[in-house]
Amino acid sequence: MDLTDFEADNSVSCRLASPVPEACKSEDCCLGIDEAGRGPVLGPMVYGICFCPVSRKEDLKDLKVADSKTLSEAERENLFLKLDEAKSFVGWALQILSPNTISTSMLQRAKYNLNALSHDAAIGLVQYALDCGVQLKEVFVDTVGPAEKYEEKLSQRFPGIKVTVRPKADSLFPIVSAASICAKVARDRIVKGWKFAEDLGEVDTEYGSGYPNDPKTKSWLLKYLDPVFGYPQFVRFSWSTAQTLLDSKAVTVHWDDDEEDGEKAAARQNNTSMLTYFSRSKPASTPTRETHRFFTERRLQSIDTL
C-alpha cells in the first residue's frame, strides 16, 4: 500500500487503489464497503472497498478475514498482505478523508454532516469500481444511519445491483471484513507516520487511541493547542472535544459585524478589532510583539502604505 500521494498533502482527501484483477472484469462480482476512524478526534477517516468474483467467495473465506476491530494490528497487517497477494481475484480501493476535509465540510455554511460525507465516499468508491470495469452484481455495506433508508438510496443510485445494508456487516460478510481490514490498515499506517505540516518541533506521538474519551488523547490535545491558531491539521477541529478545549483555552476573538461599530465593540470587550490590521498606521497603544510563526513561515508582513 503506497501512501505517497496522501502524504504529499495530507490536508486534502485522496484515493488509493490496487490493480483491478482481470477476473473481476469478466465475471460477476461482489463488493464490500466499510470504514475505519469514524469516531476519533485525531487523524483521517478511511473508506474502503474490496471486491472479488462471486465464484471466489469461498477462497476469500479461506483467507480467514474477520472484522478488523476484533484483530490485533499484527493480525490485520498479515491479513492485508494475504489480500494483496491474492491480486489475481481480489481488488481494493480506499478513499482517505483528511481531518481537514472532515472538519471544513461539517462547519461550512451549507451543513455537510458526517453521514452525508460517509455516504458520498461509499457511493464514489462503488462508482469507481464500475468505471474500472468491475462487473458488480452484489454490494454489501456496513450501515451508516438507518439501514433501510441507506439500502434504498444505494439501490436507486445503482440499479441492477443487489444491495444489502446491515449493521455489523463487517462481522457477517467476509467481503465487508476484507474492506474493513484494508481501511483499518491504511488508517493505522497514516496515523503512525503522520507528517505535520506545522513547525511543532519534536512531536509527541503518544496520541492514545485518538478517541475523545481517551485521557492520553485529551492530554495531547491540550499540549498542542495554539491559543491563536488552534490545532494542527491532524486534529478534527469540528469535534466537540476540540471545540470545548478551544473555547476554554484559546484566545477569544471578536468578529466585527454590520450591526455595530466594530472597533468600539471590540474595545468594550478589551479586544483588538480585526479592522485595525487593515488601517494605514498602527494605533499608538498597540504593543510591539514577536510575529507569530504563521506569518513568518508564509513570509507575510504588515505594511503601512501600498
Side-chain angles (χ1 to χ4, degrees), residues 9-13 37-45 97-109 111-114 117 187 190-257 259-260 262-278 282-283 285-302:
D9 185 358
N10 56 25
S11 68
V12 297
S13 296
R38 181 179 173 83
V41 65
L42 302 178
M45 178 169 71
L97 302 174
S98 71
N100 188 54
T101 296
I102 295 169
S103 294
T104 52
S105 296
M106 293 177 68
L107 295 178
Q108 65 187 19
R109 188 178 295 274
K111 296 300 181 186
Y112 187 28
N113 66 32
L114 195 61
L117 198 62
R187 176 179 151 81
I190 289 167
V191 169
K192 187 177 290 187
W194 187 268
K195 290 179 171 57
F196 288 85
E198 304 81 7
D199 181 15
L200 301 178
E202 192 69 30
V203 179
D204 178 5
T205 56
E206 290 296 320
Y207 316 127
S209 65
Y211 281 88
N213 60 353
D214 186 329
K216 281 189 175 182
T217 300
K218 285 185 176 179
S219 176
W220 193 91
L221 287 170
L222 278 170
K223 184 175 181 179
Y224 288 98
L225 190 159
D226 185 289
V228 175
F229 296 102
Y231 289 110
Q233 293 188 18
F234 185 51
V235 178
R236 302 179 192 177
F237 53 85
S238 58
W239 255 231
S240 61
T241 304
Q243 289 186 332
T244 299
L245 290 174
L246 284 168
D247 289 342
S248 62
K249 303 293 183 183
V251 174
T252 302
V253 177
H254 173 80
W255 297 100
D256 298 323
D257 57 35
E259 296 177 4
E260 59 179 340
E263 294 191 37
K264 290 181 180 178
R268 285 200 299 273
Q269 299 182 41
N270 199 30
N271 287 337
T272 301
S273 169
M274 295 291 287
L275 298 176
T276 62
Y277 293 97
F278 299 93
K282 294 183 179 180
S285 60
T286 303
T288 302
R289 68 175 76 181
E290 184 179 348
T291 305
H292 192 278
R293 68 168 186 271
F294 176 88
F295 300 99
T296 57
E297 288 172 358
R298 292 162 177 77
R299 296 182 174 82
L300 300 176
Q301 59 184 2
S302 299

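Sequence positions, counted from 1, serve as the residue numbers for this chain. Keep in mind that this is a model prediction, so the values were computed, not measured.
- Across Y231 and L221, no two heavy atoms sit closer than the pair CE2-O, 3.1 Å.
- Counting heavy atoms from C-beta outward, Q233 and S103 have side chains that stay 4.5 Å or more apart.
- The ring of F234 has its center no closer than 6.0 angstrom to the ring center of Y224.
- At distances below 3.5 Å, not a single donor-acceptor pair connects side-chain atoms of R236 with backbone N or O atoms of I102.
- Remark: the backbone N or O of S209 is paired with a side-chain donor or acceptor of D214 at under 3.5 angstrom.
- Between the T217 side chain and the Y207 main chain, a donor and an acceptor come within less than 3.5 Å of each other.
- With rounding to the nearest 0.5 angstrom, the CG atom of L225 is 5.0 Å from the CG atom of L246.
- Under the 3.5 Å distance criterion, the side-chain polar atoms of N10 are matched with a main-chain donor or acceptor of K195.
- Taking the side chain as every heavy atom from C-beta outward, P99 and V235 never approach each other to under 4.5 Å.
- When atom types are taken as modelled, the side chain of S98 and the backbone of P44 share no donor-acceptor pair closer than 3.5 angstrom.
- For S105 (side chain) and T101 (main-chain N/O), a donor-acceptor pair under 3.5 Å exists by modelled atom type.
- Taking NZ of K249 as the reference point, atom CG of D247 lies at 12.0 Å (rounded to 0.5 Å).
- A donor-acceptor distance shorter than 3.5 angstrom exists from the side chain of W239 to the backbone of G39, with no hydrogens or angles considered.
- Applying the salt bridge (Lys or Arg N to Asp or Glu O under 4.0 Å) test to every pair with at least one member in residues 201-212, sequence neighbours left out, gives these pairs: D204-K223, E206-K216.
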Fill in: Derivation and outcome, side-chain contact (heavy atoms from CB on, under 4.5 Å), residues F237 and T104
CA-CA 9 Å; F237 53 85; T104 52; 4.1 Å; yes
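- Interatomic distance, CH2 of W220 versus OG1 of T205, reported as 10.0 Å (0.5 Å rounding).
- When side chains are defined from C-beta on, L114 counts as touching M45, because their heavy atoms get closer than 4.5 Å.
- Side-chain contact between L42 and Y211: absent, with no pair of heavy atoms (C-beta onward) separated by less than 4.5 Å.
- Formation of a donor-acceptor pair under 3.5 Å by the S248 side chain with backbone atoms of L245 is found in this model.
- Minimum interatomic distance between G43 and V191 (heavy atoms only, all atoms of both residues): CA-CG2, 4.4 Å.
- Checked by atom type and distance alone, the side chain of T241 never pairs as donor or acceptor with a backbone atom of P212 at under 3.5 Å.
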Discussion item. Could you walk me through whether S11 and D9 satisfy the side chain to side chain donor-acceptor pair (under 3.5 Å) test, starting with their C-alpha distance in whole Å, then the side-chain angles of each, then the deciding distance to 0.1 Å, before giving a yes or no?
Written reply: CA-CA 5 Å; S11 68; D9 185 358; 2.6 Å; yes
